[in-house]
Amino acid sequence: MREITLSQAVNEALAEEMRRDETVFIIGEDVAEAGTPFKVLSGLVEEFGTDRVVDTPIAEPGFMGLAVGAAMTGTRPVVDLMFGDFIYLIMDQLCNQAAKTHYMSGGKMSAPLVVRTNLGATRRSAAQHSQSLHALVAHIPGLKVALPSSAYEAKGLLKTAIRDNNPVVIFEDKLMYNDKAPVPEEEYLIPFGEAHIKRAGTDVTLIGTSSMVQVCEKAAGNLAAEGISAEVIDPRTIVPLDEAALLASAKKTSRVIVVDEGHQSFGITGEIASRINEKAFYHLDAPVLRMGAMDVPVPFTPVLEDLTVPTPQSVAENARKLVSGEMIHAA
Amino acid sequence: MREITLSQAVNEALAEEMRRDETVFIIGEDVAEAGTPFKVLSGLVEEFGTDRVVDTPIAEPGFMGLAVGAAMTGTRPVVDLMFGDFIYLIMDQLCNQAAKTHYMSGGKMSAPLVVRTNLGATRRSAAQHSQSLHALVAHIPGLKVALPSSAYEAKGLLKTAIRDNNPVVIFEDKLMYNDKAPVPEEEYLIPFGEAHIKRAGTDVTLIGTSSMVQVCEKAAGNLAAEGISAEVIDPRTIVPLDEAALLASAKKTSRVIVVDEGHQSFGITGEIASRINEKAFYHLDAPVLRMGAMDVPVPFTPVLEDLTVPTPQSVAENARKLVSGEMIHAA
Amino acid sequence: MSSAKTSSNAEDYLRMYRQMVRIRTFEDNANQLYLSAKMPGLTHMYSGEEAVAVGICEALRVTDKITSTHRGHGHCVAKGAEFKEMFCELLGKEEGYCRGKGGSMHIADQSNGNLGANAIVGGSMGIATGSAYTARLLGRDDVTVCFFGDGATAQGLMYEVMNMAALWKLPVIYACENNGYSEYTRTDEIAAGSIIARAEAFGIEAHQVDGQDVLAVNELAQKLVARARKGEGPFFIELMTYRYHGHHVGDINREYYRSKEEEREWKQNRDPIIKFRGWLVAQGVVSEGEIDAMNAEIERDAAAAVEYALNASYPDVSEVDMHVFTDVEHALSQPTA
Amino acid sequence: MSSAKTSSNAEDYLRMYRQMVRIRTFEDNANQLYLSAKMPGLTHMYSGEEAVAVGICEALRVTDKITSTHRGHGHCVAKGAEFKEMFCELLGKEEGYCRGKGGSMHIADQSNGNLGANAIVGGSMGIATGSAYTARLLGRDDVTVCFFGDGATAQGLMYEVMNMAALWKLPVIYACENNGYSEYTRTDEIAAGSIIARAEAFGIEAHQVDGQDVLAVNELAQKLVARARKGEGPFFIELMTYRYHGHHVGDINREYYRSKEEEREWKQNRDPIIKFRGWLVAQGVVSEGEIDAMNAEIERDAAAAVEYALNASYPDVSEVDMHVFTDVEHALSQPTA
Ligand SMILES: Cc1ncc(C[n+]2csc(CCOP(=O)(O)OP(=O)(O)O)c2C)c(N)n1
Ligand SMILES: Cc1ncc(C[n+]2csc(CCOP(=O)(O)OP(=O)(O)O)c2C)c(N)n1
Ligand SMILES: [Mg+2]
Ligand SMILES: [Mg+2]
């Protein structure tokens, strides 16, 4: 199968959906001629024009609000939020308005929009351009949250997101834009709420999200060499969450590590771990182990920044301890 | 001991701290003559004047930002955010600026400010005036988060918050403003990170936050009549979290329920449950049970709204099942 | 009152009058429901501001859109809503416009293009602008009116979306209902400079109009709506008006921020309904008797709707986790929570 | 160039010239560090805009405050910072102003009243206004200058805080560095109306000035700072300027949004350093030789600072969880995490 970059995959998903449905439009900063600072959208304005690939002023709350109203009245905006760290600026329009429109109107109105943004540290961009803030929106009923882990997921999930009638937030890993993966030429969609078993295994389950799927896969590779069989699962969407798949794996291996790039405390690892602990408790040999990003603002200097996120080494290390029966604490 | 309302307790805390330290000032909407819609601040502007009890335009991001700059330069603002639901509007200034100031400056600057706001449903205020959003800020390193459960805690924690050199968010339960509790005449502070055992017990631990402490206490009362001895613990601050106290209780009773008024999924119950599961796993008879608010926007109509939050009945019911050994799932 | 038109407009005039009285009557009944503890929560009365909503909405088509505020009953009625579904909503009943899930602060009436009240001050400014964006993108010719209060002009969102509306010539009209107060504070104490000038600074044509004069409001609205429809928008209107009640129904003792004299002055000398009624009679459009009959009929309608709503049923408890997502019947019975 | 002053101001002039050259030299070195892959991440060059930062900061005292932007090296130098700590910060070294934790986008220098660069466009507008609030509340007479770009005028926050600054007469000066671009987009394509008028609409006195003329900038700044100190603020200044490099150091191929001719025109005919140098020599304030010597000295300083920074040590890994909270030495070794 041909291989394309995550960036190209996103670009294709948008182009295909915009061709299919003329109510889809992209709105955000520097999305048109510039094609975003990550060059993800290059070429789209040439095909779809400036009414459907809309360069905005630097006004995130404003264009997010505009997207909500546009979505409520018959279009499908794809909001381009340049950095995931700017999600704080759009929280009101996203969480007080978009997320609640359907419910507050008793099902009469809806806000079918997508917020495309990113996450991920180790790009030496410091504390305001390196956050992974998906936990914030996952907490708000009415929002769906997708975390693609490769070009394949990025395309399939984005296409599903655009067709979904609910507001969806999709976080791409900004360090993966140039990573290639096999992506079919033919159209495909990835349904929400279906986890993907990236690698089957029997000794320990590694649940990874976004960039951490790669990290888990590398860890699994290392572990395999030592005779430890790790299963790697990518939930792909955290809202909805494919509990059944996670529980099945947990029951099979009896040992689980949840790896995520958001801050560990009060983040998504606690939720996933809790659901597994609750529903597979008597199958577990040890409590579900969590590995999130350190609970510190992301430091600029590389020597510190690299310490803040889980690595294949640290995941493998924990998996080894877990399998060998050592009691492990998250702290 | 004299009894005063939570509202009076907050008022006293502010008055005392403003007398003690002339750099403390209050800023927010309708805080001066009106004393807020909840009348919590009545009388303060008369004593401290309009420079220290500042009525702002309806511009939450703006006055939050102003508070950050004021705090960085030598004052101690207490931001009055009329409803906790408006926290979405101040997230950028709170989380990108205030929370990171100390870290990003390598310890050279700090932002000693307090955001006083509220949480709590069942006031028939619908989806945009009923949210309990403390999980959002608890996730962000650099912020401390306090959840007073009575007039006593409201006063002691607020005074501590004002003296703290870090940004602190304190959520009062808006349905408790008129609830009375014994509050000493003499000055006292409640240190952060010290849980309070509200009621000792041996069969089951009920960890409650904010309004849910009362709910747990009522449940414990009912359970006592049936011969079940429930311990009720109030963490009082969730950042920092008094893990030691929670773990000690969990190890003693072997059964834990965490009760909170925020949405259950991706909220604080997952974090607290995970920490206990991780560190007291082999002491537990059953997985830690979580009870948060339903994962739905808060409905207006009372017949639905009342279903969305844990009640003494539902907590007692779950405690009974837990103690009797029935397997219970959070879902 | 603006210059009289010929009585060939009689029908329009009477409909406007009727709509103003319907709003006042709705509010009186809502207030009564609150005072008699039959309504859950609080609500914000539109009484006194009727000429604003009616003058503007009478210039709109059903397909045109509006966004509304926490003080939203007037906009809802003016855009064509029915008493029955409105009272049901205020009482949290299943037959309410939002099945009781929204209540007063989120009442919406999609069938008539009312995209909803909003409990976030300024919260609907983006929505209105986006609605206008849809019209332009899909080549529809509808116009959107964004209602908001003087206090809401403090929200930065307004400047962000005005900038975009101006850049892209969107068919949106920002209608600032300047009733002088933001909750319990005089807005002039918390607003610097000039509201009109703030819109003009973005290159938006802005007008100020007497919001108690329904004909003046309507005349201006007709013109601007027609021009917005042709792509000459956006526009900004500041409507000088007054709310008769407190900020909400529970705001009874308000002399610390607003004098009784001031309230009396507006009610007695600037009431939009009294003024318009006098003018209609003076112009011979209608007789006092016909007006009294109309008023009485509206009162009967309202009473019947209240009665109906009081007896209507609440939504079934199973609805609590419905409508969280469009594609999931019950959000909490899904394994995906 | 504004009207000449007597050579009694020679010292001031030379300091201004020197500071402009220091900024340009700092940036050239930073760019070199990037190009030679010695600097982690990206950075935004201030080259071309030197007269803005210097003209304004030379009107300030050490106790006065500034807030800065993502394009913040110029403000930092102009407010008094040292090369050594600055380069150390850019390279993530322990001796950097922020111990390497902030980097280019968060460089701050509290000792000289620089409250910090900011990676959120418009993010420091509230901070500057709050700094001015502190001054007023505590009876200090310092003034705060808020630097931001033309693109940042799209952020609603600006209007929210200008409203408050105007209402409370805060000693803050909003300094809009209008370099014509917001990243890769001409700002006039995304900004409606007039920037100056937007400030004026809030009752704020606003001025436009040639940002390439350091004396014009300084003269205006002197006046406004003095008036702000007396409580006559706030003020707004729009400074017309230009950035020579791309949006950031990696923005090399930029002809799709900005022509080479335009860049050449500004660099050749409107360069603030060349212009000021010519004027200084023409006025007899300084000789060409003295200027060359000064420039050479600055270059040596910079080279030495770069060398120092390259060899300086990184913070110890144990610092990773320090400074999360003021009162907790290591946030993660606490049981309270
Ligand atoms: C973002 C936000 N801030 C504060 C409030 C509380 N609040 C509700 S109405 C109101 C005053 C609004 O004044 P204005 O916009 O003039 O409308 P009016 O009530 O006068 O019609 C305030 C402050 C809110 N609902 N939303
Ligand atoms: C809130 C926010 N939105 C977007 C960005 C990305 N961004 C960084 S600089 C910039 C352009 C800023 O333009 P301007 O304010 O004119 O400053 P200049 O770069 O021209 O000095 C943008 C869009 C950001 N850092 N913060
Ligand atoms: Mg008002
Ligand atoms: Mg610029």
Side-chain angles (χ1 to χ4, degrees), chain B residues 28-39 42 45-46 50 54-63 65 82-83 85-86 88-89 92-93 122-131 263-266 292-309 329-331, chain C residues 39-42 70 89-94 96 98-107 118-123 149 151-157 182-185 187 189-192 247-248 250-251 254 256-257 313-324 331-335 337:
Chain B
E29 291 152 16
D30 277 322
V31 293
E33 286 73 15
T36 80
F38 300 102
K39 303 294 168 203
S42 300
V45 72
E46 287 75 10
T50 52
V54 190
D55 267 348
T56 62
I58 311 174
E60 289 82 2
F63 64 75
M82 198 184 290
F83 282 86
D85 311 66
F86 307 159
Y88 296 126
L89 285 161
D92 179 62
Q93 291 297 314
T122 70
R123 204 169 155 267
R124 288 67 176 105
S125 306
Q128 294 173 342
H129 278 64
S130 308
Q131 294 165 86
H263 295 300
Q264 178 168 311
S265 287
F266 303 96
M294 254 184 205
D295 292 328
V296 305
V298 180
F300 165 70
T301 189
V303 294
L304 300 185
E305 186 180 29
D306 289 341
L307 304 172
T308 64
V309 289
H329 292 168
Chain C
M39 193 187 63
L42 292 170
H70 58 286
E89 191 58 38
L90 262 62
L91 298 180
K93 302 300 178 78
E94 185 188 336
C98 307
R99 303 189 70 78
K101 281 182 165 165
S104 164
M105 284 208 290
H106 303 291
I107 198 160
N118 209 305
I120 300 299
V121 166
T153 62
Q155 288 285 349
L157 184 66
S182 303
E183 279 194 0
Y184 320 108
T185 299
T187 302
E189 291 172 8
I190 50 171
H247 169 60
H248 56 60
D251 173 25
R254 53 184 176 265
Y256 69 93
Y257 74 84
S313 51
Y314 288 105
D316 187 79
V317 292
S318 68
E319 290 212 21
V320 70
D321 67 345
M322 291 174 71
H323 312 126
V324 179
L332 299 182
S333 62
Q334 298 281 316

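By convention in this document, chain letters (A, B, ...) are assigned in the order of the sequence lines, proteins followed by strands, and residues within each chain are numbered from 1. Computation of the quantities below employed the complete heavy-atom set of this structure, encompassing side-chain atoms and omitting hydrogens, waters and symmetry-equivalent molecules.
- For C/Tyr257, no part lies near chain B; criterion is any non-hydrogen pair under 4.5 Å.
- Contact annotation for B/Phe86: only side-chain heavy atoms (C-beta onward) come within less than 4.5 Å of a heavy atom of chain C.
- Between C/Glu183 and B/Glu29, the closest side-chain pair of non-hydrogen atoms is not below 4.5 Å.
- When side chains are defined from C-beta on, C/Met39 does not count as touching B/Arg124, because their heavy atoms never get closer than 4.5 Å.
- Put simply, of B/Gly62, B/Ala59, B/Ser125, the one with the most heavy-atom pairs under 4.5 Å next to chain C is B/Ala59.
- When heavy atoms are compared at a cutoff of 4.5 Å, B/Leu307 approaches chain C solely by way of its side chain, counted from C-beta outward.
- From B/His129, atom NE2 reaches atom NE2 of C/His70 across 9.0 Å, with rounding to the nearest 0.5 Å.
- Interface remark: of the candidates C/Val324, C/Asp316, C/Val320, C/Val320 forms the most heavy-atom pairs closer than 4.5 Å to chain B.
- Minimum heavy-atom separation, C/Glu89 to B/Phe300: O-CE2, 3.5 Å.
- By the 4.5 Å heavy-atom criterion applied to side chains, B/Thr301 and C/Pro40 are not counted as neighbours.
- Within the model, atoms CG of C/Asp321 and CG of B/Leu304 stand 10.0 Å from one another, a figure rounded to the nearest 0.5 Å.
- The minimum heavy-atom distance between C/Gln155 and B/Pro61, with the atom names listed, is OE1-CD, 4.3 Å.
- Only the side chain of C/Val121 comes within contact range of chain B, with at least one heavy atom under 4.5 Å from a heavy atom of that chain.
- Taking 4.5 Å as the limit, some side-chain heavy atom of C/Asn118 sits within range of a side-chain heavy atom of B/Gln128.
- Options C/Gly96, C/Gly100, C/Gly41 differ in how many heavy-atom pairs under 4.5 Å they form with chain B, and the most are formed by C/Gly100.
- Here the closest non-hydrogen pair linking B/Ile58 and C/Ser182 is CD1-CB, 3.8 Å.
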